[in-house]
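To start, the structure itself, in structure tokens.
Given the structure is predicted, the values throughout are model-derived calculations rather than measurements. Counting starts at 1 for both ligands and their atoms, following the listed order.
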Amino acid sequence: MDKLLIVGGKPLRGTVQISGAKNSAVALIPAAILAESTVILDNLPELSDVAIYSEILTEFGAVVERKGDQMIIDPSSMRSVPMPNGNVKKLRASYYLMGALLGRFGEAVIGLPGGCNFEPRPIDQHIKGFEALGAQVSNEGGAIHIRAKELRGAKVYLDVVSVGATINLMLAAARAKGVTIIENAAKEPEIIDVATLLNSMGARIIGGGTETIRIEGVDSLHGCRHSIIPDRIQAATYMIAAAATRGDVVVDNVIPKHLEAITAKMLEMGIGIEEMDESIRIIGRPDYDPVDVRALVYPGFATDIQSPMCSLLTQANGTSILTDYVFSGRFKYIPELIRMGANIKLEGRSAIITGGQLSAADVQATDLRAGAALVVAGLTIPDGITTITGVEYIDRGYDRLVDNLAGLGAEIWRE
Ligand code: UD1
């Protein structure tokens, strides 16, 4: 089993390039299923989730080719074969196969998704949406069976604001008969990215990025070429790592607007920030103020960033409160930070963090963003070696993490 080793305490300096967004890529790849001809995705991140998704598409009969950061998907010879087990269980985002296969073939059998299981993550809103479009859905032995004689547009009000359900319904509705309206839709930039791809394929979607999305179904969709948006979560992680090590780093190839919630919090802590058109410079300072952070749906502070943010808050002079209103159980990394000497108390869905020096320890990443939190924490510790296991989680969402951090002057290596 691989592990990461870190000797921290060195201020990060230099420029880091941010790859395409994981959460877009894992929706755009299955979205390509809806086309009848070749889809080319540019700016694809180098991640294990992306590699697994490409294998899944080939298992359905698609021809998939990787050329550098490009993926060429020819879905013309695909079929909707049942996939109750195997690769689909390795990914959270395999749920997008349900909407995409339903939209193209009118049926899908997909094993319930795996991925980061920091708490039970229901997909009832996805299913409610498929049923509203006229599909019959059943759970048979841990696999979701979905079938529709004909998909018909409908009005769907999501009970919870869900990224996955919003995208899945856009996928299914893109080729349904008539108009689908998604109310209380999620507004994350990745949703706009998926709507942009689908529209380039010939779909008629308006309102992506707002709480009401209107999809006018079309009979067929065609191939196109699309460049994936930058990964705002990876970008925010490097911003946090730069600040936590009192470094000076330009995070390049980002859309600063997507990072507003994090830059606002960092400014409140007293961290120096310079915003350019496509990059953000983080200038670390010796002292940081404690702040209260609430993880919310977009455009609020992203839940995916609350774990690395928690590590940064251990560097503040005083007590901060970090509350996650999206996932109440996304705190499994906290016992590991405590093992590194952090002063953190967990109360319900809030972590109460009192700043102080951390110390090197052997810790385990329990999910993707937990892994990022431990890396940030390790980078602040000058004495001893921090050892992080569970690296396979980190590989799911961080493109060339070790190379990028080493390029910024960090002493980090993989064994
Ligand atoms: C996506 C992201 C994940 C991010 C999350 C919230 C991908 C592949 N993953 O996950 O990185 O942390 O958005 O920004 O893009 N819920 C229900 N029923 C449902 C669906 C969701 O109750 O049918 C609840 C969830 O338990 C959670 C909340 O709604 O409390 C938001 O979840 P959702 O936005 O769906 O997250 P994911 O799409 O799984």
For this session: Taking only heavy atoms of Val326 into account, list the atoms of ligand 1 that are under 4.0 Å away from them.
Result: 27 (C), 30 (O), 31 (C)
Problem set entry | Salt bridge flag under 4.0 Å for residues Asp248 and Arg281 | yes
Problem set entry | Ion pair check, Lys22 and Asp231, cut-off under 4.0 Å | no
Problem set entry | Salt-bridge criterion met for Glu347 and Lys345 (N-O under 4.0 Å) | no
Problem set entry | Element-labelled atoms of ligand 1 that are located less than 4.0 Å from some non-hydrogen atom of Gly164 | 35 (O), 38 (O)
Problem set entry | Heavy-atom nearest neighbour of atom 39 (O) of ligand 1 within options Gln125, Arg121, Lys128 | Arg121
For this session: Report the part of Ala165 (side chain from C-beta onward, or backbone N, CA, C, O) that has a heavy atom under 4.0 Å from ligand 1; answer both or neither where that applies.
Result: neither
Exercise. Which one holds for Val163 and ligand 1: side chain close, backbone close, both close, or neither close, with close meaning a heavy atom under 4.0 Å?
Worked result: both
For this session: Examine the proximity of ligand 1 to Tyr325 and report which part, side chain or backbone, both or neither, has a heavy atom under 4.0 Å away.
Result: neither
Exercise. Which of the numbered atoms in ligand 1 are below 4.0 angstrom from a heavy atom of Ile123?
Worked result: 19 (C), 23 (O)
For residues 258-265, which side-chain N or O atoms pair as donor and acceptor with protein atoms under 3.5 Å away, sequence neighbours left out?
from, atom 1, to, atom 2, distance (Å)
Glu260, OE1, Lys257, NZ, 3.3
Thr263, OG1, Leu259, O, 3.1
Thr263, OG1, Glu260, O, 3.0
Lys265, NZ, Glu268, OE1, 3.0
Lys265, NZ, Glu268, OE2, 3.4
Lys265, NZ, Asp292, O, 2.8

Problem set entry | Set of salt bridge (charged side-chain N to carboxylate O under 4.0 Å, His left out) partners for Lys155, sequence neighbours left out | Glu183
